[in-house]
Amino acid sequence: MNDDTLDSIFDKAASGTSLVVKDRRALTIDYVPDRLPFRDEESKTIAHTLSIVLKGSRPSNLLLFGKPGTGKTAVVKNVLHRLSVKGEELGLELTVPFVNAKSANTAYKVLHEIAENMGINKGEKKLQVHFTGLSMGEATDRILEFIQRRKKLYVILVIDEIDSLVEKNGDDILYNFTRANERFSTESFISLIGISNSLTFKDKLDPRVRSSLSEEELVFNPYTVEQLQRILAERTMIAFNEGVVSSAAINLCAAMAGREHGDARKAIDLLRVAAEIAEIERANKVEEKHIRLAQEKIEKDTNYEVLRNSTTHTKILMLAVLKSRNGNTGEVYEIYSDICRRIEQEPLTQRRITQIMSELDQLGLITSDVISQGRYGRSQKLRITVPHSTVKEALKEDSILTGLLSID
DNA sequence: CATCCACCGGAAGAGAAGGTAA
DNA sequence: TTACCTTCTCTTCCGGTGGATG
């Protein structure tokens, strides 16, 4: 490696030219194409429902369901973008705050982000929603007060991944927002669009919230493999130079993403990572093998990240599962406490450990099946589902644990 | 067929960390 | 300063429970 090669890498990056990729943005999650293939019906329905806002009446609340990567978010963003442009043309005061409940992480942050999105925090001091310290009620009140005071403000609030909000915090926030219109004494109003990954999420709602939130519903079906192929082909035309991605690669990509449930996001991720790998290899085409490598890399990276960022006790627990012979809860807990003692950490209670284990299960790092051994009690059978090397690699970075890894 | 093991998993809540309001 | 806010991690307590075994 000499200076020239480095220079050429930087030059290429700076000028943005690449043998393979033409427009990288088209492969990111945030990219919303102008037209979403196979989602015309859904777009129309949503547009229709919302269009009455242009006449100054309140649209029905809307609830959208569908598996990840079925285009829910993209469709909504697309429609809302057009709508707000139209609203502006007509001189309406229309605002369309968009929050993702999952990436906001907590219920309070959802409120904070809404306020931020609507520009409340730039306005009157008394109505600002700081990023912590207020009670939930106070924060909600401030947002609603703001809307009311603006006399004729139309708000269409989108909450993406709304199910994770309800899961963590119940439906208090939703209750307040759905009821808000009754409180307003001015012409302002608020409509809600909820986007959910899980079809069963409605069951967790209070009946009153449920009926008002789902005044209208729409289900997004997964894409078929053929549809994924078309979507990828279209995206490829924007993102890549011509003839760079073989059709075999596209087909494989679509097949892999379609295996579970036609997930377009995953398909596009796969394509992006494959392109990166191809670039590093200095290949001038994206082939099937790059897609396969990309698949491996994505899986490994996410597991690795999760593990690396988890707490010491979670890591010790992973180690204990790794070392255990048959993976029974009792045995794993024994090993776990043993390790703790060795590195002079107070072990957590068994109750907490079961909780952590079910979290790990949800993340897909381990599987746990509850089995009954009759007279010998009930237990969980734990198994690690990621390559052991990945686990060890991730744990190596924790200085407390380095000594333990070499033992066996 | 009742028993009883070895754990599961819900509920409540303590307490620390991060903050606002007045 | 005091009072009070949420969220996160853990603990304590405890009522279940599937099915091999006596």
Side-chain angles (χ1 to χ4, degrees), chain A residues 99-116 120-146 159 161 163-177 200 203-204 306-318 320-321 324-341 343-363 365-383 398 400:
Chain A
V99 283
N100 183 310
K102 196 162 192 177
S103 59
N105 231 334
T106 71
Y108 189 90
K109 281 190 193 147
V110 169
L111 293 175
H112 172 66
E113 241 172 75
I114 293 170
E116 198 68 24
I120 296 179
N121 289 350
K122 292 199 204 82
E124 211 179 321
K125 185 105 197 282
K126 273 234 180 307
L127 295 181
Q128 289 186 3
V129 178
H130 303 271
F131 67 93
T132 179
L134 296 177
S135 72
M136 298 284 257
E138 178 67 17
T140 316
D141 281 351
R142 288 186 180 196
I143 292 171
L144 297 180
E145 182 65 23
F146 175 86
I159 305 181
E161 318 227 30
D163 37 332
S164 80
L165 173 67
V166 173
E167 203 149 287
K168 272 184 260 168
N169 236 273
D171 47 16
D172 286 5
I173 294 185
L174 298 179
Y175 181 78
N176 285 325
F177 276 115
T200 54
D203 306 339
K204 293 178 203 137
V306 169
L307 267 178
R308 208 171 56 85
N309 293 324
S310 53
T311 62
T312 309
H313 282 281
T314 307
K315 291 178 190 166
I316 299 174
L317 183 59
M318 279 302 272
V321 179
S324 76
R325 196 59 241 134
N326 58 22
N328 280 341
T329 319
E331 192 199 1
V332 170
Y333 188 69
E334 274 300 299
I335 300 173
Y336 160 79
S337 332
D338 202 56
I339 299 174
C340 282
R341 246 171 275 132
I343 58 173
E344 294 177 342
Q345 292 261 328
E346 190 71 15
L348 301 173
T349 51
Q350 182 149 345
R351 178 68 190 86
R352 176 64 183 148
I353 291 300
T354 22
Q355 196 179 325
I356 293 177
M357 288 197 294
S358 78
E359 281 163 18
L360 287 172
D361 186 19
Q362 284 214 323
L363 287 167
L365 290 176
I366 63 175
T367 56
S368 66
D369 299 305
V370 183
I371 50 160
S372 176
Q373 296 151 314
R375 172 131 280 179
Y376 305 104
R378 299 177 93 201
S379 176
Q380 274 186 112
K381 197 107 187 134
L382 302 163
R383 258 178 310 111
D398 202 316
I400 306 173

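Each chain gets a letter, A, B and so on, in the order the sequences are listed, and its residues count up from 1.
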Between B:dG9, B:dA6, B:dG19, which one does the side chain of A:R378 approach most closely?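 Output: B:dA6.
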
Can you tell me how far [atom2] of [N] sits from [atom1] of [X], to the nearest Å?
X      : N      : atom1 : atom2 : value
A:R375 : B:dA6  : CZ    : C1'   : 12 Å
A:L134 : C:dA3  : CG    : C1'   : 14 Å
A:I371 : C:dT17 : CD1   : C1'   : 14 Å
A:M357 : C:dC10 : CE    : P     : 14 Å
A:N326 : B:dA6  : CG    : P     : 14 Å
A:E346 : C:dC10 : CD    : P     : 12 Å
A:Q373 : B:dC4  : CD    : P     : 19 Å

Looking at every strand, decide which applies to A:E138 at a 4.0 Å heavy-atom threshold: base, sugar-phosphate, or nothing.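 No contact.
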
Intermediate values then yes/no, side chain to side chain contact (heavy atoms under 4.5 Å, CB included), A:E113 and A:V110: CA-CA 5 Å; A:E113 241 172 75; A:V110 169; 5.9 Å; no

Would you mind telling me which residue lines up with the more 5' stretch of DNA chain C, A:R352 or A:G137, judged by nearest nucleotide?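 Comparing both residues, the 5'-ward one is A:G137.
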
Assess the residue pair A:L134 and A:Y108 against the criterion (side chain to side chain contact (heavy atoms under 4.5 Å, CB included)); give the C-alpha distance rounded to whole Å, side-chain angles, the decisive distance to 0.1 Å, and a yes or no. CA-CA 9 Å; A:L134 296 177; A:Y108 189 90; 3.3 Å; yes

Within the 4.5 Å heavy-atom criterion, are A:L111 and A:R142 side-chain neighbours or not?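 No, too far: nothing below the 4.5 Å cut-off.
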
Step by step, would you call A:Q380 with A:D361 a side chain to side chain contact (heavy atoms under 4.5 Å, CB included)? CA-CA 11 Å; A:Q380 274 186 112; A:D361 186 19; 5.8 Å; no

[X] vs [N]: side-chain N/O to OP1/OP2 distance below 4.0 Å:
X      : N      : value
A:T329 : B:dC8  : yes
A:Q380 : B:dC8  : yes
A:S379 : B:dC7  : no
A:R142 : B:dA21 : yes

Has the side chain of A:S310 got a donor or acceptor atom that lies under 3.5 Å from a matching backbone atom of A:K315?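 Checked: no pair found.
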
Sub-4.0 Å heavy-atom contacts from residues 102-114 of chain A onto DNA chain C, ordered by number: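 Within this stretch, A:T106, A:A107, A:Y108 sit under 4.0 Å of the strand.
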
Can you check side chain to side chain contact (heavy atoms under 4.5 Å, CB included) on A:L365 and A:M318, steps first, answer last? CA-CA 9 Å; A:L365 290 176; A:M318 279 302 272; 4.1 Å; yes

